[in-house]
Amino acid sequence: MEYTNLAYVLAAVLFIIGIKRLSSPKTAQSGNTIASIGMLIAIIATVLSFELLDFKLIGVGIIVGTIIGSTFALRVQMTQMPQMVAIFNGFGGGASALVAAAEYFGKYDTTELGSFISGTIILSVFIGTLTFSGSFIAFGKLQGFVSGKPIVFKGQQIINALMVIGILLLGSFIIFGVNQELNLFYGIVLLALLLGITLTIPIGGADMPVVISLLNSYSGIAASATGFVLMNNGLIISGALVGASGLILTNIMCKGMNRSLANVIFGAVGLDEQTSNDGGEQISFKSSTTDEAAMILDAADKVIIVPGYGLAVAQAQHAAREVADQLEAMGKTVLYAIHPVAGRMPGHMNVLLAEANVPYDKLKDLDDINPEFENCDVAIVLGANDVVNPAARHETSSPIYGMPILDVDKSRTVIVNKRTMNPGFAGIQNELFGFENTVMVFGDAKEMLTNLFKDLKEL
Amino acid sequence: MEYTNLAYVLAAVLFIIGIKRLSSPKTAQSGNTIASIGMLIAIIATVLSFELLDFKLIGVGIIVGTIIGSTFALRVQMTQMPQMVAIFNGFGGGASALVAAAEYFGKYDTTELGSFISGTIILSVFIGTLTFSGSFIAFGKLQGFVSGKPIVFKGQQIINALMVIGILLLGSFIIFGVNQELNLFYGIVLLALLLGITLTIPIGGADMPVVISLLNSYSGIAASATGFVLMNNGLIISGALVGASGLILTNIMCKGMNRSLANVIFGAVGLDEQTSNDGGEQISFKSSTTDEAAMILDAADKVIIVPGYGLAVAQAQHAAREVADQLEAMGKTVLYAIHPVAGRMPGHMNVLLAEANVPYDKLKDLDDINPEFENCDVAIVLGANDVVNPAARHETSSPIYGMPILDVDKSRTVIVNKRTMNPGFAGIQNELFGFENTVMVFGDAKEMLTNLFKDLKEL
Amino acid sequence: MDMINIFTVFILAIFVGNEIITKVPPTLHTPLMSGSNAISGIAIVGAIIATKIDGGLGAWLGLVAVIFATINCVGGFMVTNRMLKMFKRK
Amino acid sequence: MDMINIFTVFILAIFVGNEIITKVPPTLHTPLMSGSNAISGIAIVGAIIATKIDGGLGAWLGLVAVIFATINCVGGFMVTNRMLKMFKRK
Amino acid sequence: MIAAILKETIVGETRVAATPKTILELIDSGLTVYVESGAGNESCFSDQDYIEAGAQIKEDAKSTLNEANLILKVVPPTLDEIELFPNDTIFISFFQTTNETKTVMKLRDKNITSFSMHLIPRTTLAQSMDALSSQANIAGYKAVLVGASHLSVYMPLLMTAAGTIAPAKVLIIGAGVAGLQAIATANRLGAQVEAFDVRPEVKEQVESLGAKFVEVESENIEGVGEGGYAKETSDDYKKQQELKIKERAMKSDLVITTALIPGKPAPTLINKDIVENMKMGSVIVDLASENGGNCELTQKDEIITHKGVIIDGTSNFPATMQTHASQLYSKNISSFVKHMLKEGELNLDLKDEIIAGAMFTHKGEITHQPTKELISNT
Amino acid sequence: MIAAILKETIVGETRVAATPKTILELIDSGLTVYVESGAGNESCFSDQDYIEAGAQIKEDAKSTLNEANLILKVVPPTLDEIELFPNDTIFISFFQTTNETKTVMKLRDKNITSFSMHLIPRTTLAQSMDALSSQANIAGYKAVLVGASHLSVYMPLLMTAAGTIAPAKVLIIGAGVAGLQAIATANRLGAQVEAFDVRPEVKEQVESLGAKFVEVESENIEGVGEGGYAKETSDDYKKQQELKIKERAMKSDLVITTALIPGKPAPTLINKDIVENMKMGSVIVDLASENGGNCELTQKDEIITHKGVIIDGTSNFPATMQTHASQLYSKNISSFVKHMLKEGELNLDLKDEIIAGAMFTHKGEITHQPTKELISNT
Ligand SMILES: NC(=O)c1ccc[n+]([C@@H]2O[C@H](COP(=O)([O-])OP(=O)(O)OC[C@H]3O[C@@H](n4cnc5c(N)ncnc54)[C@H](OP(=O)(O)O)[C@@H]3O)[C@@H](O)[C@H]2O)c1
Ligand SMILES: NC(=O)c1ccc[n+]([C@@H]2O[C@H](COP(=O)([O-])OP(=O)(O)OC[C@H]3O[C@@H](n4cnc5c(N)ncnc54)[C@H](OP(=O)(O)O)[C@@H]3O)[C@@H](O)[C@H]2O)c1
Ligand SMILES: NC(=O)c1ccc[n+]([C@@H]2O[C@H](COP(=O)([O-])OP(=O)(O)OC[C@H]3O[C@@H](n4cnc5c(N)ncnc54)[C@H](O)[C@@H]3O)[C@@H](O)[C@H]2O)c1
Ligand SMILES: NC(=O)c1ccc[n+]([C@@H]2O[C@H](COP(=O)([O-])OP(=O)(O)OC[C@H]3O[C@@H](n4cnc5c(N)ncnc54)[C@H](O)[C@@H]3O)[C@@H](O)[C@H]2O)c1
C-alpha cells in the first residue's frame, strides 16, 4: 500500500511535468509521453497492489478499451480532433460516475456510508454523468449529428435551475439518510444526464472547444471526487490537477476569443462565431496576444515578415527591426516580403525599412519570396491587408482579382497584426483572417511589436 | 486538531499567494501583508489547539522576539538591508535546529525515536545550525565585521568534505542506534556550526546576496525537516515552499550575475574593486550592471543621453532610441547632448541619430545642453570619452586642454558605457570614470542598451 | 487516512494545476486539452479497484468503467500524440 | 499520520514553490528573499509546540527557539515592508 | 503580330518604350519586335542588347513602322510621325488627349486604335501598368535631389565644431505619388518636411512617411474627385489655402509642388507675392510645369531666379533618370500589352475596365468622352 | 585694430570670410570691421545685414584695405590684390603654399604675416578653426547630391508594381572628412556604399557609418603619415590597390574620390582603363580635381562624358553651397582670430602650436619649411 501510494505520487509528478511541457510547442510531444508513462505507472501499481482483483475482468476491460480508443484515435481525421477529444472526455467522466456508482451499490446494503462518503459519491456521479452526456452533445454538434447552431428555447435557464435543485434535493435526501431508495440515486443520474444535454445544446459550434475544455475540467473534478470516495491519493491529485489546469485553460481560451466564460456558457446569443460587423460576409477568426505569438515564434525556424501600410501608419519600422533582430539572435532565419504595392506609394516599404536599417539582402520581392512561404514556419503580417488577400487568387468578382499577392497562407502559421477587422485600401474583407492557420493579434503595430519584443526576450 | 491543520493549510495558501505577489513590483507589498497574515493564523491556531502549552513561556518568547526583531527592522539603514535579512535568516535556521534538538532531548530517554524520526531530527539540526552560523558570517561580511574579501586557504575544500563526512558518520551512528551518546549529537552541532562558517567565508562580499538567498532556502528546508519531526503539515508545506522558491530565486539571482551557482559558491573570486591595467595612472572606478542602471534611471526625472564615437562603432543608435522611448514612456524627460566633435566627422552623431529617427528637437548642442546638466538626474554616456573628459577644463598639459566639453559630471549620476578602460581618440585617461557619481557599465553599446531596455521594461 | 491530509493534498494539487498553465499559444490549446483529458483517465485506477467490489452489479459497473477509462486514456494520449506530430519541425 | 501522505504534501509543496517564482525583476530580489525568509519563520509553530516537551531542557530550548523564530518572522516581515515602501512612486 | 519600338524624337526625351528585358517578355507572349536603331542609346541600352533579347533592329522609323501592328512610344507622336504609321494599327504612349486634339484627330482619321498611359485607371489591378505612378515616383525623387543641389544650405541638421547647422525646411505641395516620394527623399536627407494636399485622407499617408501635414482650415474640404484624382476646389478654400501656403513657404528653404488635375491646367498655388516673400536663396521645384506650373513664375524647362529665389521648371524629370525611367515605363507598357493579349493575338475586350479606360480612338471614333466633347465643341 | 573683409574676386567663388554673425563676435573681441560692399551678396548676406551687425561698408577693395591691420579672405589673393594690401598687415585665407609660390613671395616681400587655413594643425583643440574639415564636409555631402543627380538610376532599393529597382552601388575612395560625409549621405539616400582608404584605422570609422570597407591585401600597409594625413604608399601596395579599385569601380554606379595628400598632386587612383571598364551611365565625382584629380581623365571644373561615364571635375563644391560654407568658414576664421587675440590686440605667440603651424610668412621670412625649401630650390 505504501509503494502504491508512492507510485501514485510519482505518477502525479509525471502528470505535472507532462502538463507543463504540453504548454510549450517545443516540449509538448515529450510532455504527452511523460504523462502517458505516469498513467502506465499508476495502472501497474494499482493492478499489482490491490488484492481480490478480478484480473480477467480487468484484462478484458483494458483490451476492449484499448482497441476502441486506439481505433478512434488512429482513424479520425485531423479536422475531427476536437470532437474526438470530446468523446474521450465523455468516457472519462462516465468512468468516474460508474466507479462512484459501483461503490454506492457495493456499500448500499451495508449502510456503511457516512454522509461525507455518500456526498462525494453523489458529487462524483453527478459531475461524471453530466460530463458524459454533455461531451456527447458537444461531439454531436461538432460532427454535425446535432445542429451546430445554438438550440435555444424559452425557459431553458429555468428548467436547468429546476433540475439542479432537483439533484440537490435528491442528493441531500440520500446524504442525510432521509430516504435511501435506490430510485433517488437513479433520479440523480437521470437528471445529471439531462442537465449535461440542456447545458450544452444552447452553445454554438464555434464555442464548443471552450465547452469541451470546461467538461474536461469537470471530468477531472469527477475523478478527484471519486478519489475521495476511494480515499485514493492518485485519483485526488491527478483529478485536481486536471480540474484546476482545465479551468485555467478554459479561461485562456475564452480570453483568446475575447469572451468571458459566463458569456460562452450562458450567452447563447444565437451566433456561431465572432464576427466583424462592417459590411460583407462575416469572418470568424482566432485572436491572441503577443506572448502567445512569442511562443509560436519560439518554435519556428523560418520567419517571414510582411509589412504593409499599417506598419507605416504606426511608424513601427524600428520596432519591427528590433523584433527581427531578436528572432535572429534566437537562431531563426528572418526575411521580409515586400509586395510591390504595399503602402501608398511605390517603394513605401523600402523607404520605411531602410530607415530602420534593415539590410537590403533581407528584403525579398514578390517573385523571390512566394516560393519561400511553403517552408516558412511563421509569417508575420504587420498592417498589411490587400496584398495578402487570397481573394485575389480565386474571387473573380473581387476588385483585386488577378493581382499577384504574397502567399502568406501557405506558411504553417500566419500571425496578422492590425488594429481592427476593418478592410484596407481596396475596401474588401480578407478571408485570410479566418483561415485555420491564422492568428490575429490586434493593436497598433508599434505597440504590438514592442510587446512582442518584450515577450520574446522573456521566453 | 482538525481545525489546526485546516488553519495550517490556510496559512500555507496565504504564503503561496504572498510569495507569488512578492514577485511583481505592483503587488509586492500586499504579498508581504498576506504572508504575514498567514503567519499570524498559523501561530494563533497552534497556540489555541495544543494542550499542555506553557503560555507564559511562549508569551515571553514572543514578546522578547518581537522587540528584538522590530528594533532591528526599524533601526537598520536602507543600505544595510541585505545583512539584516541574513541575520533574521540565521535566527530562523537556529529556531528550527533548536526545535529539533528539543524533540531529540525530549524523547532521548524514551527510546521512542524511530530511525526516520531521528534521521529527520539530525537533518533539521544540521541544516538549521549550518544556516545559523553561515548567516552570521554573511552578516559579518556585509557589515564589515569580517573582511568582505574572499578568505581562502589551502585544503579548504578538503576540510569541508571531511566535516560533511564526519556529520554523516555521526548521524548514521545515531540513526542506526550504533551509539546513542549525547556527545555524538553535540558533535554534529559543532561540525555544522563550523561548516556554516567555512562554507561562507571564501565567498566575496559582492556575491553575498546569492549566498543569503541560498541560506534562506536552507532554512526553509530545515523548517520542513522539523515539520517531519513534529509530523506537522504547516511546517512541512511552508518549509518546502520556502526551500523550493528560495532555490529558484537563488538561481535567478545567479543568472542575473551571469554566474552559475557552483561558480558563486566554489569560485572564490568576486574581487571588490577593479582597476584598469593599461598605461598611465590607474583609475579606481565602480562598475555595475544594466539592471542597476535601470534602477538608477527609474528614480530619475531628467535624463541626458551623451552619444560618442563608440555608439557609432556599435551601431547602437536604434537601441539608444528604444531606451530613450522607454524612459519617456516612464514619464522622464530625455534629451540628447551632441558635442560638436563627437564621432569622427562633423555631424557624425546627427547622421547616426537621424537614422534612428530621433526627433530633432531632442538634440541639443553644447551651448544649449551644458546648463542643463546641473539639474539632470542621470547622464548616460554611450561610447563617448574625450568629449566628456573634465581634464579639458583644468589639466593644462592635456592635449585637449581648452576644448569645451559636455559637463556630464555636473549631473547627479553619470552612467558611462564603453567596452574597456581604454582611452579614446586623444589617447588620454579620463578621470570622469573614477568620479564619485560615475558608474561604469562595460560592454558593447548595442548589447548594453538592449539589456538596459529589457531591464527597464521589467522594472 | 487522515481526511485533513487528503484535503491538503487536494488543495495543493489545485495550486499546482493552477500554476503550471500560464501561457499557452492558441495552437496548443487543443493538444493541451486533449493531453490533460487523457490524464483525467486516471479514473481507470478507480475502475480497476471497483472491479473488486463484491456483488455482481459493482463488478460489472467496474468492467464498463475500466473500458470507458481505458478509451479515455489510450485514445487521449494517442490522439494528442498525433496532433503534436504536426508541430514537429520539418 | 500517514507518512506517505505527508510526503505527498511535501512533494506537492515543492512543486508549488517551484512554480510560483518565475520571473522576478532584479529590484525585487532582495525583498522577495526577505519576505520568503520571514515565512521560513514558520519554525515558530514548531517552537511553540516544543515548549510543551517535558523536561526543563526541552522547554528552555523551546523558549529560545520561540525567540529566534519570532525575530525571524517579525523582523523579516517588517524589514520587507520597509524595503517595499521604497518602490512606491513618489 | 509585329510591335514597333520607335526612337523618341523630341529633344530631351531620353526614354524608350521597351528595354531588352521587356522585349523578351513581349516575344514570349508571341510578338515579333522591331526596334528603331539607337532607340535605347540614351537609356544605356545598345542595339546589341536589343538584338540579344531577340528584337530586329531597323535602320529608321519608316522601316520600323512598315509592317507594324502595334506601335509603342513614350510621348505622343508628332504629326509627321503619324504619317508613317500604317492605318488600322494600335498605338500606345503617354498622351494628354485634351491638350493635343490635333494629334488625336489625326490618329482617329487613320483609324488607329490608340491608348494613353495617362488614362490607365488607378485601380488595384492596373497598378503594374500605372506609368503615371512609376514616372511620378521618379519625378518626386529627382526633384528633391535637384532642389537640394540648388540650395546654398545643407538639408540635414549638423552639429559641428564650426557651429550648428539647422536642418532645411522642405514644403511639399500635393502629396500624390510624386509628392509622397519627395517627402520620403527629403526626409532621408534629414530635412524637416511638411506637406500639404487638398485631399484630407492623405494626412495619414504623409504622416506614415514621418512628415508633418499642413492643414487648411475651411468649412468645405472638398478636394476629392473621382478615382482618387483631385478636382477643383471652392473659392473660400482657395483663399485659406493661399494664406496657409504663404505662411509655410516663407519659412521654407525648398518647396516642391506636384499638384496636378489631369487634363486641366495646373492650379496656381504659389503666386508672385508668395515668391517675393520667400527667403533669399530658397528654391522652388515645380513638377507641374508641364501643365503650366503650380507657381505663377515657373517657366517650363527653365531654371530662373526671381529676387533670390530659384525656380526650377524642368518638366520632364523622368527623362533625366532615363535608365530606370525606361525600365519602369517599358514594364508598365509590357504589362498593358500582355493584359490585352490572348494567345499572341490582341483581344480588345471593350468591357474590360482598363482597356476601355485607356482607349481614346478606335475604329475611326474618339472614345474618350471629354476629348470628344472638346473636339466637337471647337 | 581694423579687420578687412574683401569680396572674393575669382569667378565662381561665392563664399565670404565673415558673416554678420561672426562680425558680431569680432567686434565683441575689440576689433573694428570694414566690409567691402557686396562681399556677402552671393552667400545671401546683404550689406544691410553687415551694417546691422556693426560693420562699416566700404565701396571697393582699396578703401576697405586702406587702414586694415587684419585681412580676411576665403581664397588666396591675386597678385594685383596684394598690391593693395598695406605693408606689415596680417593676412588669413585658404592657401596651398607650395602651389602658389609667387604669391607667397609677394606676401613675404610686403612683410605681411600670413596664415593659411590649410595649415591649421589637425589637433583636438584646433577643431573649431579647422576650415579644411568644415569645407570638406560640405564637399562630401554635395558630391553625393550632384553625383546622384547625374545618375540615370535611382539610389535606393525600390520594390514597385513595375518591378524591383536595385539600389545603386556607391564607391567612396578616401574616407577622410569629405569621404565620411559622402558615405553618410549616400547611405541616407539608400545606396549600397563601400569605401576604400589607405589608412587601415578608418575601417572602423567607415563601418560606424554603416558602410562596407574595401580592404586591399598587401604586406606593407603604410598609408599613414603624420598628423592624421595620408602619405604616399609603396609600389606593391599601389598595384594591389589599383586592382581592387578596378574590381569595385566596375560594379559601381557612382564613384566619389576624395584622396588628397596636402600640398602634393593628388594620387591617380582611377586610370583611363578603369573608367573604360565602368558601366554605361555611371558617374565619377572627383573631389581631388583641385590638385589634379584622382581620376586620370578628370578635367578641373568641367563635367565630361567619357565612353558613357560622366566625370564631374567641379573643384569648389563648397562654393555651390555658399550660405552654409561661408557660415562655417567664417566661424573657423573668427575662432582662429580670437585664438590669436589678447584683449583686443593680436598676440602672435610663436610657441603656440596652432599659430606657428598655420603661419607661412612672418617678418619678411617664409616660415613654412616645405614652401621655403621649394622656393629656395627654384
Ligand atoms: N504602393 C502603392 O503605390 C499604392 C498606391 C496607392 C494605393 N495602393 C494600395 O494600397 C494597398 C496596399 O496594401 P497594404 O496591404 O499595404 O495596405 P492595406 O490593404 O491598406 O491595409 C493596411 C492595413 O493596416 C492596418 N493598419 C492601419 N494602421 C495601423 C496601425 N497603426 N497598426 C496596425 N495596423 C494598422 C489597417 O487595418 P486596421 O485599420 O484594422 O488597423 C489596414 O487594414 C493596396 O490595395 C494597393 O493597391 C498602393
Ligand atoms: N567629429 C570630428 O569631426 C572628429 C574628427 C576626427 C577626430 N575627432 C576626435 O574624436 C574624438 C571624439 O570623441 P568621442 O568622445 O566621440 O569618442 P572617443 O573619445 O574616441 O571615445 C570613444 C569611446 O567609445 C568606446 N567604444 C568604442 N567602441 C565601442 C562599442 N562598440 N561599444 C561601446 N563603447 C565603444 C571606446 O572605449 P572602449 O574601447 O573602451 O570601448 C572609446 O573610449 C575627439 O577626440 C575628437 O577630437 C573628431
Ligand atoms: N489604386 C492604386 O493603386 C493607385 C495607384 C496610384 C495612385 N493612386 C491614387 O491616386 C492619387 C493621385 O496620384 P497622383 O500622384 O497621380 O496625383 P496627381 O499627380 O494627379 O496630383 C498630385 C497631388 O496633388 C494634389 N492636388 C491637386 N490639386 C491640389 C491643390 N489645389 N492643392 C494641393 N494639392 C492639390 C492631389 O490631391 C494629389 O495628391 C494617389 O495619391 C493615390 O491615392 C492609386
Ligand atoms: N584631430 C582632429 O580633430 C581632426 C579633425 C579633422 C580631421 N582629422 C583627421 O585627419 C584625417 C584627414 O582628413 P581629411 O579629410 O582632410 O583628409 P584628406 O582630404 O587629406 O584625404 C582624404 C582621405 O584620402 C585618403 N587617401 C590618401 N591617399 C590615398 C590613396 N592613395 N588611396 C586611398 N585613399 C587615400 C586619406 O587617408 C584620407 O582619409 C581625418 O580622417 C581625421 O582622422 C582630425
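Here is the naming used below: chain letters follow the sequence lines, and residue numbers restart at 1 for every chain.
Gln127(F) touches chain B through its side chain: at least one heavy atom from C-beta onward sits under 4.5 Å away, while N, CA, C and O do not.
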> Does the pair Ser330(F) and Arg15(F) meet the rule for a side-chain hydrogen bond (donor to acceptor under 3.5 Å, both in side chains), with working shown?
Replying inline: CA-CA 9 Å; Ser330(F) 61; Arg15(F) 293 172 289 178; over 6 Å; no

> Yes or no on side chain to side chain contact (heavy atoms under 4.5 Å, CB included) for Val414(B) and Val416(B), after CA distance, side-chain angles and deciding distance?
Replying inline: CA-CA 6 Å; Val414(B) 187; Val416(B) 177; 3.8 Å; yes

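With respect to chain F, the highest number of heavy-atom pairs below 4.5 Å among Val313(B), Ile400(B), Asp386(B) belongs to Val313(B). With chain B as partner, the option from Gly176(F), Ser208(F), Gly179(F) having the largest number of non-hydrogen pairs under 4.5 angstrom is Ser208(F).
Phe425(B) has its ring centre no less than 6.0 Å from the ring centre of Tyr309(B).
Between Ser326(F) and Ser43(F), the side chains place a donor N or O and an acceptor N or O closer than 3.5 Å (distance only, hydrogens not considered).
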